[in-house]
Amino acid sequence: MPAASWAPLTPAERAVAIEVLTHGPISRTEIARRLDLSAGSLTRLTKPLIESGLLIEDPAPVTTAAARQGRPSQPLDIVAESRYFAGFKITADAVYGVVTTLKSDIVADRTVPLHTHDPDQVADLLHTMTEEFTAAFPRLSGIGVGVGGHVDSRADSRAGEGRTGTVSSPFLGWRSVPFADLLEQRTGLPVVVKNDVAALIESEAWFGAGRGLDRFAVLTIGAGIGYGLVIGGQLVRTRDGDHGIGPRWIVSQNGPLTPDGDRGSVVSFLAIPSIRYQVRAATGRDHTYDEILALAAAGDPMPARVLDEAARALGTVVAQIANFAMPQKILLAGEGVGLVDVAGPAIEEAIRANRDPFAAPVPLETKISDFNDWARGAAVLAIQILVLGRPEV
């Protein structure tokens, strides 16, 4: 039997739970300050959360200066193992699945080849993987799925809030496929499906590089290009957010061509298929992306030239993000960020060239994300929406 979810949280209870989830262990004093609550109101809100098993009083007392002035208080924390969540990343040739705790720590993972893109058969495969996960983790409470493409919202009468699940994905050949419904019917568990880039960004904002930041931007580099901006702890959402802006984000009208014939966009400069295409066109030889990085690092002229152009384009894009979004940090993530290790100086030079000389340095962090990270991001969506009831905006 699927694990039962908690009773729906009120908006005030949800706010408290999110503070503890993303900042805990955290003192009641700090929660009250962050949410502008009185001590009595906070006690009233936390009592049912503790009784339900969602929160726990950490046995280690808070030892801040403020706490030492009075009676030491016990910080509140999330009971990480009270529920588990499955996250799946669907690619063109494989499904990557993970199980996470309520704090998004991965406790199991599995990768299965994908031999068909038929929606029903893909749903059957994820159902089988979910059954295996549930056998090991009986308190599995929900499923998140990340997929490249556009995902439409749907109404969820049970939760009374926005959920997502109808997928249009060019690389899977799907058009308006109700994938969340297909998987829910098979598993009996609530399912959230979102664009994979949005899922990764949400995960980094809550539990990763953007944790605790007010303004945080993510640029993903891989088979395609993804971008997202977090303001006030929430991902900025638009109707066009998962249609993909990379092909229309022009860096130079004189830039390289993509395999599809587009010129000068972020995709043409940075996407892995575009870089491989450029090297193949120049040398007549096909190389993997890792091989191209190694050849450039060793001084092979043509791969080095292609990656130098890519690095300068990346520096320009990072500077544009910093200039217009003014984030506290920019995270570069995905399978393609090995470019930073090979061509870091060219990236830095391009950033400086496109920033005011008196502007503050761009706080830049890189993370080579494997597909389990993307699957973890999908699990975080399930945590957000299915457990805490975070509404779509």
Side-chain angles (χ1 to χ4, degrees), residues 89 96 104 106 146 148 196-230 235 245-246 249 251 266-276 288-298 303-304 306-355 359-377 380:
K89 158 71 172 173
Y96 298 82
S104 86
I106 295 177
D196 52 1
V197 174
L200 181 69
I201 294 170
E202 292 276 18
S203 175
E204 292 293 337
W206 273 46
F207 299 105
R211 182 175 179 177
L213 298 180
D214 182 65
R215 298 184 318 283
F216 171 61
V218 178
L219 183 70
T220 63
I221 305 170
I225 304 297
Y227 172 73
L229 178 65
V230 174
L235 177 63
I245 62 174
W249 191 340
V251 179
V266 174
V267 171
S268 71
F269 276 103
L270 295 175
I272 290 175
S274 297
I275 289 176
R276 294 184 63 191
T288 68
Y289 184 68
D290 287 340
E291 288 171 346
I292 293 171
L293 293 178
L295 289 169
V306 170
L307 291 190
D308 183 73
E309 288 187 350
R312 295 182 187 281
L314 177 56
T316 300
V317 169
V318 167
Q320 290 172 348
I321 294 171
N323 290 339
F324 292 102
M326 296 176 283
Q328 295 164 279
K329 181 188 289 186
I330 299 173
L331 175 68
L332 302 179
E335 314 91 84
V337 299
L339 174 66
V340 177
D341 294 329
V342 174
I347 295 171
E348 294 172 2
E349 182 179 331
I351 292 174
R352 289 193 298 270
N354 289 277
R355 293 274 285 166
V362 177
L364 193 62
E365 182 175 328
T366 60
K367 177 180 181 180
I368 299 178
S369 305
D370 63 21
F371 286 120
N372 282 346
D373 289 322
W374 294 82
R376 173 178 175 262
V380 170

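The model shown is predicted, which means the values in this text are computed figures rather than measured ones.
Listed here is the closest heavy atom pair of A271 and A223: CB-O, 3.8 Å. For the pair G377 and S203, the tightest heavy-atom approach, listed with the atom from each and the gap, is CA-CB, 3.5 Å. Smallest separation of non-hydrogen atoms from I201 and G228: CD1-CA, 3.3 Å. Closest heavy-atom contact between A350 and T316: CB-N, 3.9 Å. Minimum interatomic distance between V342 and A296 (heavy atoms only, all atoms of both residues): CG1-CB, 4.1 Å.
Between W374 and V197, some side-chain heavy-atom pair lies under the 4.5 Å cut-off. The closest side-chain heavy-atom distance from D196 to T220 is not below 4.5 Å. A 4.5 Å side-chain heavy-atom check between I292 and V306 finds every atom pair outside the cut-off.
We find the CD-CZ distance between E202 and R376 to be 12.5 Å, quoted to the nearest 0.5 Å. A distance of 11.0 Å separates CG of L235 from CG of L200, quoted to the nearest 0.5 Å. In this structure, CD1 on I221 lies 9.0 Å from CD1 on I272, to the nearest 0.5 angstrom. The structure places NZ of K89 at 10.5 Å from OG of S369, a figure rounded to the nearest 0.5 Å. A distance of 11.0 Å separates CD1 of I368 from CG of D373, quoted to the nearest 0.5 Å.
Contacts of A310 classified as side chain to side chain contact (heavy atoms under 4.5 Å, CB included), with partners at least two apart in sequence or in another chain: L270, I275, L339. Applying the side chain to side chain contact (heavy atoms under 4.5 Å, CB included) rule to R352 yields the partners E348, E349; only residues at least two apart in sequence or on another chain are considered. Remark: D308 engages R312 in a salt bridge (Lys or Arg N to Asp or Glu O under 4.0 Å) (not counting sequence neighbours). A313 meets the side chain to side chain contact (heavy atoms under 4.5 Å, CB included) test with V251, F269; sequence neighbours excluded. Scored by the ring-ring contact (aromatic ring centres under 6.0 Å, His included) test, Y96 finds F371 as partners (sequence neighbours excluded).
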Show which side-chain atoms of residues 321-337 pair as donor or acceptor with protein atoms under 3.5 Å away, not counting sequence neighbours.
| unit_1 | atom_1 | unit_2 | atom_2 | d |
| --- | --- | --- | --- | --- |
| N323 | OD1 | R355 | NH1 | 2.9 |
| N323 | ND2 | A319 | O | 3.2 |
| N323 | ND2 | N354 | O | 3.0 |
| Q328 | OE1 | D214 | N | 2.7 |
| Q328 | OE1 | R215 | N | 2.8 |
| K329 | NZ | A209 | O | 3.0 |
| K329 | NZ | E365 | OE1 | 2.9 |

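The backbone N or O of A375 sits nowhere less than 3.5 Å from a side-chain atom of N372 that would complete a donor-acceptor pair. With hydrogens and angles disregarded, no donor-acceptor distance shorter than 3.5 Å links the side chain of S104 to the backbone of V380.
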